[in-house]
Number of protein chains: 2
Amino acid sequence: MLDPVSRVRRFNRAVTSAVGALDTSFLGRGRPLGAARVLNAIGHGRSEIGEIRDYLGLDSGLMSRLLRSLEDEGLIETHAHEDDARRRVASLTRAGKREFAAYEDLSNSQAEGFLARNSQREALLAAMDLIASALTRDRIALTAMDPRSDEARYCLAEYYAELGRRFKQGFDVSLSRDPDAKDMRRPRGSFIVAVSDTLPIGCVGLKGTDHGYAEIKRLWVAPSARGLGLGKRLMDATEDAARTLGISLLRLDTNSALPEAGRLYRTTGWREIPRFNDDPYPDLFFEKQIRS
Amino acid sequence: MLDPVSRVRRFNRAVTSAVGALDTSFLGRGRPLGAARVLNAIGHGRSEIGEIRDYLGLDSGLMSRLLRSLEDEGLIETHAHEDDARRRVASLTRAGKREFAAYEDLSNSQAEGFLARNSQREALLAAMDLIASALTRDRIALTAMDPRSDEARYCLAEYYAELGRRFKQGFDVSLSRDPDAKDMRRPRGSFIVAVSDTLPIGCVGLKGTDHGYAEIKRLWVAPSARGLGLGKRLMDATEDAARTLGISLLRLDTNSALPEAGRLYRTTGWREIPRFNDDPYPDLFFEKQIRS
DNA sequence: CACGATATCTGACTAAAGTCAGATAATGCT
DNA sequence: AGCATTATCTGACTTTAGTCAGATATCGTG
């Protein structure tokens with residue numbers, strides 16, 4: 001009863017019945033689950049029909065019929081895609097928006113109810129983040145984004161907060177050489193965010209300089225996503241970005257209070273070098289030559 | 001993207017698709033999901049078909065047909081219940097046992113695969129326990145059991161381990177007044193175990209004495225089940241058991257290193273009293289008069 | 001502009017799940 | 001023994017989901 005496999009299976013059973021309950025509550029709006037799922041996918045911003053079909057794993061015939069039934073209900077409209085008239089895009093009508101909002105309310109109040117019924121709110125949320133990240137590890141998307149996007153700023157705020165906790169002396173961004181956002185955007189650099197489902201769970205910046213190398217900055221992986229190899233994936237993606245930008249030498253600085261970072265660098269071809277800047281926080285410096 | 005409700009909903013989405021994948025793997029044995037579920041319910045020891053019907057939420061007509069199809073496949077046999085010939089009980093044939101074992105293998109290897117793919121094994125398991133307990137909180141069963149049953153001994157081992165961690169001086173059972181199992185069985189006392197699904201997640205003992213009172217011992221709630229009010233439920237159940245046994249005065253001892261326990265006692269009608277034994281570990285003593 | 005590829009739709013199916021009104025048989029209670 | 005109750009089964013449905021072979025329209029490329 002206490003072996004790991006039994007524990008996983010107990011979790012599966014608990015969650016299966018919870019999911020069933022959620023599905024059932026969705027049926028309360030008098031529409032089959034298939035149609036409700038399509039409506040919700042559209043409400044969540046998936047407009048292209050092919051995309052929805054892939055996302056929900058539906059046959060094209062079935063998809064077409066579900067769209068038709070939503071159209072007949074007056075909840076959606078479809079138009080030809082503006083660049084490619086073979087493709088269709090769907091959008092919610094006014095009534096569709098109301099109906100979508102009703103589903104959102106159902107989901108939200110189910111989630112709120114779950115949180116309200118339990119007192120270990122933060123522990124539960126952390127556990128949910130962890131499991132969700134583990135389950136969706138194959139679907140983590142790495143995307144180059146503006147370092148001033150919401151997603152990037154969320155990651156950076158979490159990153160700074162963590163440095164504050166892990167450095168004995170705390171961490172004050174203003175004392176560090178805060179990279180100019182411009183240096184982490186094309187064509188000088190890049191900023192990559194890892195998003196699982198909708199939650200940003202990691203980031204890394206590639207900062208262009210005028211000294212013949214680019215720097216890797218702000219590598220962060222959310223606690224709930226550690227152990228998934230995400231740090232490595234982010235670094236690999238950054239190296240690819242650097243190659244694309246024609247950069248062949250990379251440098252980075254880090255701190256020995258972050259041993260997992262040091263370990264990652266040492267095992268992925270980085271070479272320790274002497275201090276190359278006067279930032280007060282780092283005490284370890286690395287360099288890597290990348291071949292295009 | 002970081003508000004609690006979104007995090008719960010992200011978890012729901014992650015888990016919904018994982019559950020779907022598990023269901024799909026069950027289809028691989030060439031049998032519709034409904035029949036597979038019934039077969040598995042029988043394999044897991046649910047023999048009465050009314051019970052299975054409730055558990056799976058099936059209509060009686062549908063249930064009947066699923067049983068018939070499993071019978072036709074030669075996987076189960078049904079007999080009249082020995083006390084009530086209206087009811088039927090189902091059991092697996094030899095072939096049914098083989099088929100059930102194949103489903104078990106599928107579930108187990110799915111669970112093992114999940115664990116193997118992820119490196120944060122212990123953290124994941126703890127998170128799963130926590131969430132499973134929160135989801136099944138309404139289905140936690142309190143059952144009086146022999147204190148030497150597997151379930152009870154599992155709880156006690158966890159309890160002692162936790163005391164060892166939380167007491168500055170550690171904890172050695174042999175130094176404590178280890179209650180005789182006989183004193184925690186009817187008619188002198190009771191031992192109650194809380195089981196969620198199949199996992200024991202809490203216990204409490206009621207130990208009869210010859211001094212005109214009974215003692216409450218070994219109150220333990222698994223870390224993953226804290227915040228669900230389980231301690232209170234266990235204490236209430238013990239008071240009920242005491243009433244049934246004709247006991248009207250209860251005592252207990254505890255330690256100030258376990259503040260949540262002290263808080264529970266103080267808020268549920270217990271009154272602090274002077275030390276009434278010479279056990280080396282406790283430093284707080286309580287008493288409660290219960291009315292029948 | 002011809003032609004293969006692509007995206008969606010339609011029609012004609014099947015399978016699975018679920019519903020519901022009786023039928024049948026056993027039981028508990030008076 | 002009579003009768004309401006309970007547990008299960010059967011027959012006759014409907015709904016939902018899913019499959020598959022074409023039909024239709026558009027696109028990209030030579």
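Proteins get letters first, then strands, A, B, ... in listed order; numbering begins at 1 in each.
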Check your understanding: To the side chain of Arg53(A), which of dC9(C), dG18(D), dT8(C) is closest?
Key -> dT8(C)

Round to the nearest Å and state the distance from [X] atom [atom1] to [N] atom [atom2].
X: Met63(B); N: dT6(D); atom1: CE; atom2: P; result: 20 Å
X: Asp59(A); N: dA15(C); atom1: CG; atom2: P; result: 16 Å
X: Arg88(B); N: dT24(C); atom1: CZ; atom2: C1'; result: 12 Å
X: Glu71(B); N: dT8(D); atom1: CD; atom2: P; result: 13 Å
X: Asp72(A); N: dC9(C); atom1: CG; atom2: P; result: 13 Å
X: Leu67(A); N: dA7(C); atom1: CG; atom2: P; result: 16 Å
X: Leu58(A); N: dG18(D); atom1: CG; atom2: P; result: 7 Å

Point to revise | Arg68(A), CZ atom: more than 12 neighbouring heavy atoms under 6.0 Å | key: yes

Exercise for review: Taking atom CZ of Arg29(B) as the centre, report whether more than 12 heavy atoms of other residues, nucleotides or ligands fall under 6.0 Å from it.
Suggested key: yes

Study note, to complete from the structure: Scanning both residues in full, the closest heavy-atom pair of Val193(A) with Pro200(A) reads CG1-CB, 4.1 Å

Check your understanding: OP1 or OP2 of dT6(C) sitting under 4.0 Å from any side-chain N/O of Arg87(A)?
Key -> no

Point to revise | For Arg117(A), all residues meeting salt bridge (Lys or Arg N to Asp or Glu O under 4.0 Å), sequence neighbours excluded | key: none

Point to revise | Check against side-chain hydrogen bond (donor to acceptor under 3.5 Å, both in side chains), Ser6(B) and Asp3(B) | key: CA-CA 5 Å; Ser6(B) 304; Asp3(B) 71 294; 2.4 Å; yes

Revision key, fill the gap. By side-chain contact (heavy atoms from CB on, under 4.5 Å), Ala127(B) pairs with (sequence neighbours left out) Ala127(A), Leu130(A), Ile131(A)

Study note, to complete from the structure: Once base and sugar-phosphate atoms are separated, protein heavy atoms under 4.0 Å mark nucleotides 12-17 of chain D, 5' to 3', with B, S and - as B---SS

Practice item. For Glu71(A) and Thr78(A), test the side chains for any donor-to-acceptor distance below 3.5 angstrom and give the result as yes or no. Key: yes

Study note, to complete from the structure: Expected list for residues 77-86 of chain B near DNA chain C, using heavy atoms below 4.0 Å, is Asp84(B), Ala85(B), Arg86(B)

Check your understanding: In residues 21-29 of chain A, which ones come under 4.0 Å of DNA chain C, going by heavy atoms?
Key -> none

Check your understanding: Are any side-chain N or O atoms of Ser133(A) and backbone N or O atoms of Asp129(A), one a donor and one an acceptor, separated by less than 3.5 Å?
Key -> yes

Point to revise | Any donor-acceptor N/O pair, Arg233(B) side chain to Ile140(B) backbone, under 3.5 Å | key: yes

Practice item. Starting from the C-alpha separation in whole Å, work towards a yes-or-no answer on side-chain contact (heavy atoms from CB on, under 4.5 Å) for Thr16(B) and Leu22(A). Key: CA-CA 10 Å; Thr16(B) 300; Leu22(A) 184 58; 5.5 Å; no

Review point. For residues 53-87 of chain B, which residue pairs qualify under ring pair (Phe, Tyr, Trp, His ring centres under 6.0 Å), counting only residues two or more places apart or in two chains?
Key: none

